[in-house]
Amino acid sequence: MDRTRQQQALLLLPICLAFAFSLTAVVSSHWCEGIRRVVKPLCQDQPGGQHCIHFKPDNSSNGRMDNDSQAVLYIWELGDDKFIQRGFHVGLWQSCEESLNGEDEKCRSFQSVVPAEEQGVLWLSTGGEVLDIVLILTSAILLGSRVSCRSPGFDWLRVDALVAIFMVLAGLLGMVAHMMYTTIFQITVNLGPEDWKPQTWDYGWSYCLAWGSFALCLAVSVTAMSRFTAARLEFTEKQRAQNGSQHSQQSFPEPEASESVWKTGAAPRPAGQAFRNVSGHLPSGAPGKVSIC
């Protein structure tokens, strides 16, 4: 493998890494992570539990609570003790929240949480992320064919140009999609349902992977475009050199031909014949001395 193909193979690695980052970010649900503050349930089903409100029923209820009873409950938790903090994480497709026991999660569609007037923007963001993955995959296939196939009759410089264009489009499209999702999430935090609003939140590892893919796309695009420009200039210089050598080879025999013709035309005739021809054209009475140059 020559040096050019080695450089192209090395350029294929960040493209595959950007594809893996984008695909992982889209299918995961850790774009944003935070904590929700929810009210503890009553310890009716799990007495002595740690994540529920302990109460003491009135003596008239004989320690039992029926649906039709009007028993008085004495709740001992006050203030912040009545609440519990549960972690949650949100992605493009769903929003998940920890259960009371902390062992499993309860998930629901993120689209059901987003306000109705912002759901169209959410679909645009999701479509942009998917199209970003398609462009990166297309660039990887083109560059892979560039490395593996060596067809002399094909213009591979166009493939390098297409890879650079597709990667910069993927990066810019991903950037717009990331920003749209960030705006939608912030609007949902302010205007979303009360049973979903987080108390504190921050960006998760999926969000970092998405922006990492954006950085890789732009880096690959700049590298591919610079190499395309250098290869194009080198190809142009080689064509000019070949055209110049062919022109010089075609124009070189012309002086020899003209020189031979000049020598043929300048060959002197015999002296007697020359004088005889010249003297034959002289008028009568003219001097007989003739100079020939």
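A donor-acceptor pair is defined here as one N or O able to donate and one able to accept, closer than 3.5 Å; such a pair exists between the side chain of Thr223 and the backbone of Ala219. A donor-acceptor pair under 3.5 Å is absent between the side-chain atoms of Ser221 and the main chain of Cys217, judged by distance alone. Judged by distance alone, with hydrogens and angles left aside, the side-chain atoms of Ser213 form no donor-acceptor pair with the main-chain N or O of Leu209 at under 3.5 Å. Formation of a donor-acceptor pair under 3.5 Å by the Ser109 side chain with backbone atoms of Gln94 is not found in this model. Glu129 places no side-chain N or O within donor-acceptor distance of the main-chain N or O of Ser22, the cut-off being under 3.5 Å. Side chain of Thr24 to backbone of Phe21: no donor-acceptor contact under 3.5 angstrom is found. Distance alone, capped at 3.5 Å, places no donor-acceptor pair between the His89 side chain and the Gly204 backbone. Put simply, the side chain of His30 never gets that close to the backbone of Ser206: no donor and acceptor are under 3.5 Å apart.
Rounded to the nearest 0.5 Å, atoms CZ (Phe110) and CD1 (Ile184) are 7.0 Å apart. Taking CG of Leu92 as the start and OG of Ser28 as the end, the distance is 8.0 Å to the nearest 0.5 Å. For the atom pair OG (Ser95) and CD (Gln111), the distance works out to 13.0 Å, reported to the nearest 0.5 Å. The CG atom of Leu143 lies 9.5 Å from the CG atom of Leu13; values are rounded to the nearest 0.5 Å. Here CE of Met167 is found 13.0 Å from CG of Leu162. Values are rounded to the nearest 0.5 Å. Taking CG from Leu172 and CG from Leu218, the interatomic distance works out to 6.0 Å, rounded to the nearest 0.5 Å.
Cluster membership check: Leu142 shares its hydrophobic cluster with Leu11, using side-chain heavy-atom separations under 4.5 Å among Ile, Leu, Val, Met, Phe, Trp and Tyr. Linking Ile, Leu, Val, Met, Phe, Trp and Tyr whenever their side-chain heavy atoms come within less than 4.5 Å puts Trp93 and Tyr203 in one cluster. Grouping the Ile, Leu, Val, Met, Phe, Trp and Tyr side chains by contacts below 4.5 angstrom, directly or via other members, places Phe166 with Leu137. Note: the hydrophobic cluster containing Leu124 also contains Met179 (ILVMFWY, side chain heavy atoms under 4.5 Å, direct or indirect links). At a threshold of 4.5 Å between side-chain heavy atoms, the hydrophobic network of Ile, Leu, Val, Met, Phe, Trp and Tyr places Leu135 and Met175 in one connected group.
In this structure, Phe214 and Asp132 have side chains that are not in contact, with every pair of non-hydrogen atoms separated by 4.5 Å or more. Side-chain contact between Glu118 and Thr188 is absent, with no heavy-atom pair separated by less than 4.5 Å.
None of Glu98, Gln199, Glu97 except one satisfies the side-chain hydrogen bond (donor to acceptor under 3.5 Å, both in side chains) rule with Arg36; the exception is Glu97. Trp201 pairs with exactly one of Phe185, Tyr207, Trp31 by the ring pair (Phe, Tyr, Trp, His ring centres under 6.0 Å) rule, that one being Phe185.
The two residues Ile136 and Ile15 come nearest to each other via the heavy atoms CG2-O, 3.6 Å. Taking all atoms of both residues into account, the shortest heavy-atom contact from Arg108 to Asp195 is NH2-O, 3.6 Å. Asn190 and Lys197 make their closest contact through O-NZ, 3.1 Å (heavy atoms, listed as atom of the first residue, atom of the second, distance). Residue Ile165 comes nearest to Val168 through the heavy atom pair O-CG1, 3.1 Å, listed as atom of the first residue, atom of the second, then distance. In terms of heavy atoms, Asp160 sits closest to Ala224 at O-CB, 4.4 Å. Between Val121 and Met180, the shortest heavy-atom distance links the atoms CG1-SD, 4.1 Å.
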Could you walk me through whether Tyr181 and Val90 pass side chain to side chain contact (heavy atoms under 4.5 Å, CB included), step by step?
CA-CA 11 Å; Tyr181 178 82; Val90 185; 3.5 Å; yes
CA sep, side-chain torsions, deciding dist, call: Phe19, Ser139, side chain to side chain contact (heavy atoms under 4.5 Å, CB included)
CA-CA 10 Å; Phe19 175 76; Ser139 301; over 6 Å; no
